[in-house]
Number of protein chains: 2
Amino acid sequence: MKWKDRLAAEGYRLTAPRRAVLQVLQQTETPLSPQEILAQAHKAHPQLGLVTVYRLLNLLTGLNLLRRVHRKDGCHGYLPASLGHHHALICQTCGRAVEFAGEADLESLISRVEMGTGYRVEDHLLQLFGLCPGCQ
Amino acid sequence: MKWKDRLAAEGYRLTAPRRAVLQVLQQTETPLSPQEILAQAHKAHPQLGLVTVYRLLNLLTGLNLLRRVHRKDGCHGYLPASLGHHHALICQTCGRAVEFAGEADLESLISRVEMGTGYRVEDHLLQLFGLCPGCQ
DNA sequence: TTTTCTGCAAAGGTTTTGCACCAAT
DNA sequence: ATTGGTGCAAAACCTTTGCAGAAAA
């Protein structure tokens, strides 16, 4: 429910299409492509258009409510974002995803790489792919 | 020169368009988009088409001679790949990229995540972004 | 009522495919 | 001579934008 409050607090309107998309995104455990989001939200709001999905995705990503991930099939997927900087671990079979915090381990890796290359590291992209407990 | 040998060994033909594209890719230090590759290779082979670039990129990526990276601007870029599983560190200002091996550090992170989540991790995507020595 | 949001249509961009011609082996 | 490669055109996608009408505040 906090997503709706957040949108209201930022001055955005709560409309039927947005409710439908929010409901899909808040419940998903797998990274969904815009098309997949449309298909699911369509049930709750049949006249929903893909354009509206894209606009809301950009809005929510900007508010850090959503995280955009790279899927193995090349598409982009969207996942509800936890607070702070987390990373995604995605099941290659069922798509189910969990987030994990790997900052501590990355920091030592990053300082070693900085030392070795002379670069200063400012950002990173880390995703893991594997099999979830149910798919092993 | 070993790329050409590799192509020949795999039964692929050495043509003028391919020579032009190979020359560009073997020399680059920054991840190039297909359009950028076309623009540079065009000098050596003016009638080169973008389609041919795409086909060769897919071919070389399949042979593990090229690595596809995600650029911050959303485009895909291509870098010559070293042997083994390496990762890219890309300068956000000039685009210059280096590869680094972070397997040792990642292994401890990965086993910790496997322990915590119950997933089995089979693959990963790691890229670092920062400033190269010259751009700091 | 005022501003924002929506959905359509259309544009822009990237990547793939079909096909006839051409070139490397 | 064969086989595979090229380039054009066109198609298939994905994503963004312009705009008039609709809905939230």
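In the text below, chain A, chain B and the rest are named by the order of the sequence lines, each starting its count at 1. Not measured: the values here are computed from a predicted model.
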- Under 4.0 Å between a side-chain N or O of A/Thr52 and OP1 or OP2 of C/dG7? yes

- Spacing between B/His76 atom NE2 and C/dT14 atom P, to the nearest angstrom: 12 Å

- When you measure from the side chain of A/Gln127 to the backbone N and O of A/Val69, does any donor-acceptor pair fall under 3.5 Å? no

- Query: Which parts of residues 16-36 of chain A get close to DNA chain C, meaning a heavy atom less than 4.0 angstrom away?
  - Reply: A/Pro17, A/Arg18

- Item | Separation of atom CD in A/Gln47 from atom P in C/dC8, rounded to whole Å | 9 Å

- Message: Less than 4.0 angstrom between a side-chain N/O of A/Thr15 and OP1 or OP2 of C/dT6, yes or no?
- Response: yes

- Message: Which residues pass the salt bridge (Lys or Arg N to Asp or Glu O under 4.0 Å) test with A/Asp5, not counting sequence neighbours?
- Response: none

- Message: Could you go through A/Arg71 and A/Ile90, starting from their C-alpha distance and side-chain angles, then the distance that decides it, and tell me whether this counts as side chain to side chain contact (heavy atoms under 4.5 Å, CB included)?
- Response: CA-CA 9 Å; A/Arg71 304 203 309 193; A/Ile90 303 168; 5.6 Å; no

- Does A/His45 make a side-chain N or O approach to OP1 or OP2 of C/dT6 shorter than 4.0 Å? no

- Message: List the residues meeting side-chain hydrogen bond (donor to acceptor under 3.5 Å, both in side chains) with B/Lys72, not counting sequence neighbours, and say none if there are none.
- Response: A/Asp123

- Partner residues of A/Arg6 under the salt bridge (Lys or Arg N to Asp or Glu O under 4.0 Å) criterion, sequence neighbours left out: A/Glu10

Sequence neighbours left out, cut at 3.5 Å: what donor-acceptor pairs do the side chains of residues 37-45 of chain A make with other protein atoms?
residue	atom	partner	partner atom	Å
A/His42	ND1	A/Pro46	O	3.0

- Task: For B/Arg13, check salt bridge (Lys or Arg N to Asp or Glu O under 4.0 Å) against everything at least two apart and list the hits.
- Result: none

- Message: Holding to side-chain contact (heavy atoms from CB on, under 4.5 Å), I want the full list of residues that pass it with B/Gln23, two or more places apart in sequence or in another chain.
- Response: B/Gln27

Check nucleotides 16-21 of chain C for protein N or O atoms closer than 3.5 Å to its own N or O atoms and list the pairs.
residue	atom	partner	partner atom	Å
C/dT16	OP2	B/Asn58	ND2	3.4

- Check: B/Ala81 main-chain N/O paired with B/Glu99 side-chain donor or acceptor under 3.5 Å: no

- So A/Phe100 and A/His87, would you call those rings parallel, tilted or perpendicular, with 30° and 60° as cut-offs? tilted

- Message: Between the opening five pairs and the closing five pairs of the helix from C/dT1-D/dA25 to C/dT25-D/dA1, how far apart are the helix axes, to 10°?
- Response: 30°

- Audit row: A/Ile110, B/Asp105, side chain to side chain contact (heavy atoms under 4.5 Å, CB included) steps and yes/no: CA-CA 10 Å; A/Ile110 285 173; B/Asp105 306 73; over 6 Å; no

- Query: Who passes side-chain contact (heavy atoms from CB on, under 4.5 Å) against B/Glu107, sequence neighbours left out?
  - Reply: none

- Spell out yes or no: do the side chain of B/Arg13 and the base of C/dT25 have one donor N/O and one acceptor N/O closer than 3.5 Å? no

- Interface limits on DNA chain D, where chain B has a heavy atom under 4.0 Å of a nucleotide atom: D/dT3 to D/dA9

- Task: Check side-chain contact (heavy atoms from CB on, under 4.5 Å) between B/Val98 and all other residues, then give those that pass, not counting sequence neighbours.
- Result: A/Thr117, A/Tyr119, B/Leu89

